[in-house]
**Student:** 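Take a look at this one; I'll ask things after.
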Amino acid sequence: MSQYRAIRGMVDILPDDTPLWQMLEQTASDVLGAHGYQEIRTPIVESTDLFARSIGEVTDIVEKEMYTFPDRNDENLSLRPEGTASTVRAMVQHNLIQSPQRVWYMGPMFRYERPQKGRQRQFHQLGVEAFGIPSPDLDAELLLMCRQWWKRLGIDDVLTLELNTIGSGESRQHYKTALSDYLRGHFDALDEDSQRRLETNPLRILDSKSASTQAVLADAPAMTGFLDDESRAHHDRLCELLTLAGVGFVANPNLVRGLDYYNKTVFEWTTDRLGAQATVCGGGRYDGMVRQFGGRDTAGCGFAAGLERLILLLQTLDVEALVEPDLYIVSSDENALGKAMLEADRIRTEFPALGVVQHLGGGSFKSQFKRADKSGAAWAMVFGAEEIAQGTVTLKPLRSKGEQVTLDREGLNQFLTQLEARSQDVEE
RNA sequence: GUGGCUGUAGCUCACCAGGUAGAGCACCGGAUUGUGGCUCCGGAGGUAGUGGGUUCGAGACCCAUCAGCCACCCCA
């Protein structure tokens, strides 16, 4: 047992897992790029106030989950608990929202919560935010883009899209009042948490897991009855576009989401494969936020996906991503090792697509071949005394039955050309 | 913040009515003096999460603490 451990809820991603992470990140960046979205990178630390005002003062995130601290100048700072606030801040600060903008970011987020499956204190999100497009075709594009990503990952058929509209700020305010009034009449039938939320955030009572509370909600007023015409039209058009594109979704009138800044569209992609933490990706519209941060009145819409949860999902589906070298170089002695090192360098220059690992630290041929096998390399490339003397190299296939061959310089280059062509085919 | 379960070798786990630790896999070496994957043989590796208590004696019992897992809350 080592003296130090990673601190609670913050985990190391070890070499065996990083290939899967890289695959996940690569597919994301491919899909995003294919849709014309550009990457943005913002600081991990912002003023506490930025998060408190955008996410909402009475949300759990702000009330109890933020890593907040005074810096040496007594400024009140926080580790970012999500990415939308920072992104909006950056876009406004640099005056980038004069015309429509579509951006994405990826990186660690921090929330002080009790760890459990699919939940850590430091976790990673991929977020997408689009500005200046108020129409529902944007909402549709974002959801189609998600589906593209799920398809490339092979998780399309274990995810469900849940969709709702929570209307404009004003219509929601009316609804909130009506809902609170109704629920106050059934106060005693509500569970303890819901009783508390009646004062702080009544909408959140809608997705309570308590059976008695859900029974009360059965006859509660519905948001649908309070929607303003514009929100209703927006939502209808979105549903139309999704149907047109063959994106299946489940209307979930209880889906409200916990962050204050949403309006109109809200959605979540969920799965039944991950236990309690079912949401893999969530988002919606936030048309008022840019203005709130001092920009012009500009529409906004986006989502964030939890990368740990996607990794877990890929792992439960036995999706693997391996990084195996093409060549593993073994050598018989110091002289041969020196020659081999020069040759490896030359190969990496002339055949940059090939993965070339050189055995270092000496040892018998036997132990070097064991290493070669464990590396997963397709070929062992042998530099022994005989090869050095003849100016040749021996190649032994590690993954197939064939015999090893000894090649001169020209033969080797032909071999490597073919090998590189084949390894690129596999990647395509 | 609340609740339940758990904490013995790198990993998965055993032993134990309380008498000072063992297996499989992984790792290293050998059988094959220039060649891996199978087989056989050998080796290394643990102050039993940590601290305290009960006891002649505790990895086993009790308490505390830390950590992990799962769930609640909430969210990605």
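Hydrogens, waters and symmetry mates are skipped; everything else that's a heavy atom, side chains included, is used. Keep in mind that this is a model prediction, so the values were computed, not measured. Proteins come first, then strands; the chains are lettered A, B, ... in the order of their sequence lines, and each starts at number 1.
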**Student:** Which of parallel (below 30°), tilted (30 to 60°) and perpendicular (above 60°) describes A:Tyr175 and A:Phe226?
**Tutor:** tilted
**Student:** Nearest-Å distance, CG (A:Asp16) to P (B:rC11)?
**Tutor:** 13 Å
**Student:** May I ask you to verify if any side-chain N or O of A:Lys209 is less than 4.0 angstrom from the OP1 or OP2 atom of B:rC72?
**Tutor:** yes
**Student:** If you find the nucleotide of RNA chain B closest to A:Lys366 and the one closest to A:Pro115, which residue's nucleotide is nearer the 5' end?
**Tutor:** A:Lys366
**Student:** Are A:Glu46 and A:Arg80 close enough for a salt bridge, meaning some N to O gap below 4.0 Å?
**Tutor:** no
**Student:** Remember a base hit wins even if backbone is also touched, and classify A:Glu65 as base, sugar-phosphate or nothing at under 4.0 Å, heavy atoms.
**Tutor:** sugar-phosphate
**Student:** With a 3.5 Å cut-off and no angle check, do the side chains of A:Thr165 and A:Ser231 form a donor-acceptor pair?
**Tutor:** no
**Student:** Nearest whole angstrom, please: distance from the P of B:rG36 to the CG of A:Leu398.
**Tutor:** 10 Å
**Student:** Can you check the distance between B:rG10 and B:rU50, where both ends of the measurement are the P atom (answer in whole Å)?
**Tutor:** 13 Å
**Student:** When all nucleic acid strands are considered with a 4.0 Å heavy-atom cut-off, which category describes A:Gln120: base, sugar-phosphate, or nothing?
**Tutor:** base
**Student:** Once you apply a heavy-atom cut-off of 4.0 Å, does A:Glu403 come out as touching a base, just sugar-phosphate, or nothing?
**Tutor:** nothing
**Student:** Let me know the distance between CZ of A:Phe123 and P of B:rA76, rounded to the nearest Å.
**Tutor:** 7 Å
**Student:** Could you please spell out the steps behind the ring pair (Phe, Tyr, Trp, His ring centres under 6.0 Å) verdict for A:Trp379 and A:Phe415?
**Tutor:** CA-CA 11 Å; A:Trp379 296 84; A:Phe415 171 87; 4.8 Å; yes
**Student:** Heavy atoms from C-beta onward define the side chain here; which of B:rC27, B:rA71, B:rC73 lies closest to that of A:Ala276?
**Tutor:** B:rA71
**Student:** For B:rU35 and B:rG30, measure between their P atoms and round to the nearest Å.
**Tutor:** 11 Å
**Student:** With no angle test and no hydrogens, is the base of B:rG34 tied to the side chain of A:Gln368 by a donor-acceptor pair under 3.5 Å?
**Tutor:** no
**Student:** Indicate, with a heavy-atom threshold strictly under 4.0 Å, whether A:Glu82 touches base, sugar-phosphate, or nothing.
**Tutor:** nothing
**Student:** Let's see if you can work this out: which of B:rA71, B:rC73, B:rG36 has an atom nearest to the side-chain heavy atoms of A:Lys117?
**Tutor:** B:rA71
**Student:** Contact class for A:Arg114 vs. all strands (heavy atom < 4.0 Å): base, sugar-phosphate, or nothing?
**Tutor:** base
**Student:** NA contact type, A:Ala372, heavy-atom cut-off 4.0 Å: base, sugar-phosphate, or nothing?
**Tutor:** nothing
**Student:** Provide the Watson-Crick or G-U wobble partner of B:rG59, both distances under 3.5 Å; none if there is no partner.
**Tutor:** none
**Student:** For B:rG59 and B:rA21, measure between their C1' atoms and round to the nearest Å.
**Tutor:** 8 Å
**Student:** Between B:rA71, B:rC73, B:rA76, which nucleotide gets closest to the side-chain atoms of A:Gln125?
**Tutor:** B:rA76
**Student:** Using whole Å, what does the distance between atom C1' of nucleotide B:rC72 and atom CG of A:Asp207 come to?
**Tutor:** 14 Å
**Student:** May I ask you to say what A:Val330 touches in the nucleic acid, namely base, sugar-phosphate or nothing, with a heavy-atom cut-off under 4.0 Å?
**Tutor:** nothing
**Student:** Taking only the side-chain nitrogens and oxygens of A:Arg8, find out if one of them lies under 4.0 Å from OP1 or OP2 of B:rG68.
**Tutor:** yes
**Student:** With syn defined as a glycosidic angle within 90° of 0 and anti as everything else, classify B:rG37.
**Tutor:** syn
**Student:** So which nucleotide does B:rA64 pair with, by the Watson-Crick or G-U wobble rule with both distances under 3.5 Å?
**Tutor:** B:rU50
**Student:** Write down the distance separating the P atoms in B:rU54 and B:rG22, rounded off to the nearest Å.
**Tutor:** 29 Å
**Student:** Between A:Lys374 and B:rC28, is there a side-chain N or O to OP1/OP2 distance below 4.0 Å?
**Tutor:** yes
**Student:** For RNA chain B, whose closest nucleotide is more 5', that of A:Ala305 or that of A:Ser208?
**Tutor:** A:Ser208
**Student:** Just checking A:Gly9: base, sugar-phosphate only, or nothing, at a heavy-atom cut-off of under 4.0 Å?
**Tutor:** sugar-phosphate
**Student:** Please report, rounded to the nearest Å, how far the C1' atom of B:rA76 is from the CG atom of A:Leu159.
**Tutor:** 13 Å
**Student:** Quick one: the side chain of A:Glu113 and the base of B:rA76, do they pair up donor-acceptor inside 3.5 Å?
**Tutor:** yes
**Student:** Donor-acceptor pair under 3.5 Å: do we get one between A:Gln404's side chain and the base of B:rU35?
**Tutor:** yes
**Student:** B:rU35 base to A:Lys396 side chain: any donor-acceptor pair below 3.5 Å?
**Tutor:** yes
**Student:** For A:Glu268, which contact category applies under a 4.0 Å heavy-atom criterion: base, sugar-phosphate, or nothing?
**Tutor:** nothing
**Student:** Mind checking A:Arg111 for me? I need base, sugar-phosphate or nothing, with any heavy atom below 4.0 Å counting as a touch.
**Tutor:** base
**Student:** Could you tell me which nucleotide pairs with B:rC72 by Watson-Crick or G-U wobble geometry, both distances under 3.5 Å, or answer none if nothing does?
**Tutor:** B:rG1
**Student:** As a quick check of understanding, evaluate salt bridge (Lys or Arg N to Asp or Glu O under 4.0 Å) for A:Arg119 and A:Glu113, giving each step before the final call.
**Tutor:** CA-CA 8 Å; A:Arg119 165 183 298 162; A:Glu113 297 181 273; 3.6 Å; yes
**Student:** Choosing from B:rG68, B:rU35, B:rC70, which nucleotide comes nearest the side chain of A:Arg5?
**Tutor:** B:rG68
**Student:** Does any donor atom in the side chain of A:Ser168 or A:Asn263 lie under 3.5 Å from an acceptor atom in the other side chain?
**Tutor:** no
**Student:** Parallel, tilted or perpendicular: which one describes the rings of A:His35 and A:Tyr37, with boundaries at 30° and 60°?
**Tutor:** perpendicular
**Student:** Look at the side-chain N and O atoms of A:Gln116 and state whether any lies under 4.0 Å from the OP1 or OP2 oxygen of B:rA71.
**Tutor:** yes
**Student:** For B:rA76, take OP1 and OP2 only and decide whether either is under 4.0 Å from a side-chain N or O of A:Arg257.
**Tutor:** yes
**Student:** May I ask which nucleotide in the shown strands pairs with B:rC13, Watson-Crick or G-U wobble, both distances under 3.5 Å?
**Tutor:** B:rG22
**Student:** Measuring only the P atom in each nucleotide, how far is B:rG53 from B:rA17? A whole number of Å is fine.
**Tutor:** 26 Å
**Student:** Over how many whole Å does the gap from A:Leu327 atom CG to B:rU35 atom P extend?
**Tutor:** 21 Å
**Student:** What about A:Asp373: does its side chain form a donor-acceptor pair under 3.5 Å with the base of B:rG37?
**Tutor:** no
**Student:** Atom CZ of A:Phe369 and atom P of B:rU32: how far apart are they, to the nearest Å?
**Tutor:** 18 Å
**Student:** Base, sugar-phosphate or nothing for A:Gly127? Non-hydrogen atoms, less than 4.0 Å.
**Tutor:** nothing
**Student:** What is the distance, to the nearest angstrom, from the CG atom on A:Leu255 to the P atom on B:rC75?
**Tutor:** 10 Å
**Student:** Do A:Thr394 and A:Thr406 have side-chain atoms, one donor and one acceptor, less than 3.5 Å apart?
**Tutor:** yes
**Student:** Just checking A:Arg204: base, sugar-phosphate only, or nothing, at a heavy-atom cut-off of under 4.0 Å?
**Tutor:** sugar-phosphate
**Student:** Using the C1' atoms only, state how far B:rU47 lies from B:rU6, rounded to an integer number of Å.
**Tutor:** 22 Å
**Student:** How far does the P atom of B:rC61 sit from the matching atom of B:rU8, given to the nearest Å?
**Tutor:** 14 Å
**Student:** Have a look at A:Pro397 and say if it touches a base, only the backbone sugar-phosphate, or nothing, with a 4.0 Å heavy-atom cut-off.
**Tutor:** base
**Student:** Roughly how many Å apart are B:rG24 and B:rC15, using the C1' atom of each and rounding to a whole number?
**Tutor:** 15 Å
**Student:** Looking just at side-chain N and O atoms, do A:Ser367 and A:Ser364 make a donor-acceptor pair shorter than 3.5 Å?
**Tutor:** yes
**Student:** Going through the checks in order, is the salt bridge (Lys or Arg N to Asp or Glu O under 4.0 Å) test met by A:Asp373 and A:Arg399?
**Tutor:** CA-CA 9 Å; A:Asp373 184 53; A:Arg399 307 295 133 192; 3.3 Å; yes
